[in-house]
Amino acid sequence: MDLIDWSRAQFALTAIYHFLFVPLTLGLSFLVAIMETIYIKTGDEKWLKTTKFWVKLFGINFVIGVATGLIMEFEFGTNWAAYSWIVGDIFGAPLAIEGIFAFFLESTFFVVLFFGWDRVSKGFHLTSTWLVAIGTNLSALWILVANGWMQYPVGMNFNPDSMRYEMGNFWEVIFSPVAVAKFLHTIGGGYVTAAIFVVGVSAWFLLRGRETQFARRSIIVASSFGLFASLFLLLSGDESAHQVAQKQPMKLAAMEGLYEGEGRAGIVAFGILNPDKKVGDDLPEFYGDIQIPYALSLLGYHDINAFVPGINDLIEGNKQFHIMSASEKIERGRAALSDLSAYHEAKKIGDTSAAMASLKAFDANQSYMGYGHFNDPLQTIPPIALTFYSFHVMVGLGSFFIVLFIVLLYLGMTNELLTTRWALWITFMSIPLGFVACEAGWIVAEVGRQPWVIQDLLPTMKGVSALSTTTVKITFWAFAILFTTLLIAEIKIMMAAIAKGPHIAEKGEDHV
Amino acid sequence: MFETWDLLWLQNYWWGIVSLLGGFLAMMLFVQGGQALIPALSKNDAEKTLLYNVFGRKWELGFTTLVLFGGAIFAAFPLFYAVSFGGAYYAWMVLLFSFIIQAVSYEYRTKKGNTYGSRTYELFLSINGYLAPFLIGVIISTLFSGGAFIVDESNLSHWVINTRGLEALSVPFNVLGGISVMMLSRVLGLLYILNTVVDKSIAHNAEKKLRIEMVVTTAFLTSYAVWIFIVPGVSANDAGVIIEANRYFYTFINHPIWVLSPFIIGLGLFLLGGLRGAKSGFWFATTGTVLMVFALLFSTGINGEPYYPSYVDIQSSLSIVNSSGSRYTLVVMSYVSLFVPVVLGYIVVVWRAMMRPITHDEIKNDPFSY
């Protein structure tokens, strides 16, 4: 592995660790806010204990999320310095805004949520709890605006003198349809993950015959919230896929393992990819698969007859559907790069008319400039197996969660939760699955965008810091060891806190 | 309103905001100073736990300020973000690691299942307590002493020394800066204890320590300031970047309102705070710290003078003019900055609402205490 691979590996490592804690923070913050609201409305002390129990778990998870998040703010600079200069004028803004609007809200009111129970009024405390929830979700908004822009860059212009992209329209950046869909889908994923966590932990109490009232109450709140969030997830997922089809057709083709484009394309419900399949050959794409007919055309273009381009079409081009081949894009990209350097040469010697002519020629092919860095059209294909399987794991788990929430709600309403042990076991075993689904979704978004760091504008290899491979290896292992060490402690503390049960929120019994 | 400002004004405005954030970051280092002092100030477990709880309710703001500091530089001065973070790689990484271990340590220190024992988390907090202020001081000092970077024609940057920022530790001036900030953080930590802790034995200990630490800190700060005034620095003219004797001294003299006064008033307030001790000394000293650090940082870049010299290629030196975001982005971010007073407002409200001193009994009875 060389510099680019290690740099990607380090970013993936730190982001995957960070994203283990984010979804739970996003969802649990709302769940505790809802529970505390019920307590304030009913005045029932049992709801207070329930709230405090989940706040305790929230806190254990929250601090490690903060710890792993710090590096994300700086890693663009440390490991992606070229990226930071080339697109920092657009990308930096949402990160700074996230700090001002979201992080201070979280960190200020987090202290009240934890230590303010007897120091401020009930209303002040409840407001603080809601502000923590809003703060965490606002931070997701801004970071996903930034990420949405990497998937679908809008609202900017290339400045040939400073050699970077500059922001031209802030509103286009933040209201980009990709950013909006991404934000909604990601926070939905967080809500569902948190709901799965809460029902899973509660199921454990029921299986042990402990804290049954508390567990039942938590299951009903969390599965209602989870079901509602799942439907929201379904809608935002549909919109996300629709956006991917329009803006990142290569990613969609990889998600579905689709080589040969087709109209009335189906979605693979289940499939095993043929690893020998290459662009342009006649081998089958799958060893075996089950398709849902028309679904991909419908999902991608909201039209069952729509043509969905496959990898072959995007690489080799398809005249009938006006798809340019990758090799032509590379040609045009090279032309753009050479016109750009001609512009700089002319400018250096003061030949204004030659400079203007080069700039005009550059403008004609500017949008393909990123392609000019590739040698081979096949380099523009993302890792297909990883993207395909991650996508299908995410969708499969999401569908399973809907069924699970419905079953739990039914059993909760009919008072059969305690007696239906198989459902409790399945629920308990599902705790890790929410996290798996979230990470899989992140992999689809980021790996599916490869080899680009900014879709069609900047190849990942051109964004990296000029570091030695050894340097990045050292920090990669340092992060791997430190984060794993902290994760082990986090999980063990979490399990100990769960094992103690919600009565730990009783005064005087908890302190260790 | 910001649309009508000219570009240099916007760049100055944002350099001012970055400098102010640096000031607030230095102020919030009182938590680190406190962390470093806890073992020496507590005679038994109860006192130690009380002190960890006192500082454990304040660590988040400093952490968040550091994050915002990174974000603000990214948005307003992306070339500095790329050159410094990507260049002085190890220096920043060590600093970040020291903050990562801080974030979990308060919460996990006394929790059942914490795997590595309380002492490990206390060690983490000590490491962060010494290392973070020291490294922040070193890094601030490199704005005067420079870095080993080259910026090419495409504005892509290269660091030419393999130690990647750690070489800054071999420059005596940087080390002096590191120790000065570390000492400063300890004084602020002691003052915070004197102003918030009701335990008499701890307060007595802190009071004794404050006198010595205050004298040493003042000596360090003064020699640091003198050193800045006598060293040559880089400045920009039409021909490019040149070396100028006593450059920072002249900057201080030429900008009496924005640099000299805040520095002198800041230093005065800091000293006054140290003398007042338990009588609101913390608020005087922290206000002084914000002003002093603001003035120091602002002096480096005001009006387009290079704020980050390159000692391997002086023409690569960064100024607010050649490293800033586009005019459009600076205008957008300037509107965003109008929200900062709102943030400060709610921080003050919450800080006051949570003001009541923490007692041993409260810690014993509160399931959430650290």
Side-chain angles (χ1 to χ4, degrees), chain A residues 52 59-60 63-64 66-67 70-71 73-74 76-78 81-82 84-85 88-89 92-93 95-101 103-104 107-112 114-116 119-120 124 162-164 166-168 170 465-467 471 475 482 486 488-489 492-493 495-496 504-505 507-508 510-512, chain B residues 57 60-61 63-64 66-68 70-72 74-75 78-79 81-87 89 92-93 96-97 99-100 103-104 107-108 110-116 153-158 162 164 325-326 328-329 332-333 336 339-340 343 346-347 350 353-354 356 364-369:
Chain A
K52 284 190 174 182
I60 295 165
V63 293
I64 190 168
V66 172
L70 177 67
I71 182 62
E73 186 84 16
F74 292 87
F76 300 103
T78 55
S84 297
W85 169 252
D89 194 52
L95 262 71
I97 296 173
E98 182 184 22
I100 295 176
F101 282 91
F103 290 151
F104 276 100
S107 60
T108 306
F109 289 99
F110 168 80
V111 177
V112 183
F114 255 55
F115 302 111
R119 286 178 173 259
V120 299
F124 192 126
S162 57
M163 292 293 279
R164 67 169 172 185
E166 293 178 351
M167 204 192 294
F170 179 65
S465 297
L467 293 161
T471 303
T475 49
L482 178 64
L486 297 183
I488 291 168
K492 288 178 73 174
I493 293 170
M495 292 198 311
I504 60 163
K507 286 199 159 197
D510 162 67
H511 198 65
V512 188
Chain B
R57 297 182 185 191
E60 276 244 349
L61 283 181
F63 201 92
T64 310
L66 175 66
V67 172
L68 181 58
F74 199 178
L79 192 58
Y81 184 87
V83 167
S84 175
F85 296 144
Y89 186 81
W92 286 105
M93 281 293 178
L96 295 177
F97 272 94
F99 273 95
I100 291 170
V104 293
E107 172 76 16
Y108 291 0
T110 57
K111 290 279 186 300
K112 201 179 159 196
N114 72 10
T115 315
Y116 315 108
E153 284 181 340
S154 306
N155 280 318
L156 300 179
S157 52
H158 308 269
N162 280 335
R164 289 266 163 190
S326 67
Y328 182 89
T329 298
V332 168
M333 292 310 298
V336 171
F339 196 72
V340 170
V343 174
Y346 69 65
I347 289 176
V350 167
M354 300 286 291
R356 198 177 73 214
K364 243 176 255 153
N365 295 327
D366 182 358
F368 288 98
S369 62

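The chains referred to below are lettered A, B, ... by the order of the sequence lines, with proteins before strands, and numbering in each begins at 1. Fair warning: this is a prediction, and the values are worked out from it, not measured in the lab.
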Side chain to side chain contact (heavy atoms under 4.5 Å, CB included) between A:Phe104 and B:Ile347, worked out: CA-CA 8 Å; A:Phe104 276 100; B:Ile347 289 176; 3.8 Å; yes

Run the side chain to side chain contact (heavy atoms under 4.5 Å, CB included) test on A:Phe76 and B:Phe85 for me, step by step, so that the C-alpha distance in whole Å, both residues' side-chain angles and the decisive distance to 0.1 Å come before the verdict. CA-CA 9 Å; A:Phe76 300 103; B:Phe85 296 144; over 6 Å; no

Any chance you could lay out the side chain to side chain contact (heavy atoms under 4.5 Å, CB included) test for B:Met333 and A:Ile97, step after step, and finish with the verdict? CA-CA 8 Å; B:Met333 292 310 298; A:Ile97 296 173; 4.0 Å; yes

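Each of B:Ala75, B:Ser326, B:Ala103 has some count of heavy-atom pairs under 4.5 Å with chain A, and the biggest count is that of B:Ser326. Between chain B and the options A:Gly59, A:Gly99, A:Ala96, heavy-atom pairs under 4.5 Å are most frequent for A:Ala96. Annotation: maximal heavy-atom pairing with chain A below 4.5 Å, among B:Leu156, B:Val67, B:Leu61, B:Asn114, occurs at B:Val67. Contact count against chain A (heavy-atom pairs under 4.5 Å) is highest for B:Asn155 among B:Asn155, B:Asn162, B:Leu79. Per-residue heavy-atom pair counts under 4.5 Å with chain B were compared for A:Gly88, A:Ser107, A:Ala496, and the maximum is reached by A:Ser107. The choice from B:Pro78, B:Ser84, B:Ala72 that makes the most heavy-atom pairs within less than 4.5 Å of chain A is B:Pro78. The greatest number of non-hydrogen atom pairs below 4.5 Å with chain A, out of B:Gly71, B:Gly87, B:Ser157, B:Ala353, is found for B:Gly71.
Side-chain contact between A:Leu70 and B:Phe63 is present, with at least one heavy-atom pair separated by less than 4.5 Å.
Contacts between A:Val112 and chain B at a heavy-atom distance below 4.5 Å involve backbone atoms as well as side-chain atoms. For chain B, the nearby parts of A:Ile64 are the backbone and the side chain; heavy atoms of each come within less than 4.5 Å. When heavy atoms are compared at a cutoff of 4.5 Å, B:Met93 approaches chain A solely by way of its side chain, counted from C-beta outward. Contact of B:Val104 with chain A is made through backbone and side chain together, with heavy-atom distances under 4.5 Å. If you measure heavy-atom distances from B:Tyr116 to chain A, the contacts under 4.5 Å come from the side chain alone.
Formation of a donor-acceptor pair under 3.5 Å by the B:Tyr108 side chain with backbone atoms of A:Ile60 is found in this model. B:Tyr328 places a side-chain N or O within donor-acceptor distance of the main-chain N or O of A:Phe170, the cut-off being under 3.5 Å. Here the side chain of A:Ser465 pairs no donor or acceptor atom with the backbone of B:Gly86 at under 3.5 angstrom.
Among all heavy-atom pairs drawn from B:Leu66 and A:Phe74, the shortest one is O-CZ, 3.5 Å. For A:Ser84 against B:Ala82, the heavy-atom pair with the smallest separation is CB-CB, 4.1 Å. The nearest pair of heavy atoms linking B:His158 to A:Ala466 is ND1-CB, 3.8 Å.
With sequence neighbours left out, B:Arg356 forms a salt bridge (Lys or Arg N to Asp or Glu O under 4.0 Å) with no residue at all. For the salt bridge (Lys or Arg N to Asp or Glu O under 4.0 Å) test, no residue two or more places apart in sequence or in another chain qualifies with A:Glu73.
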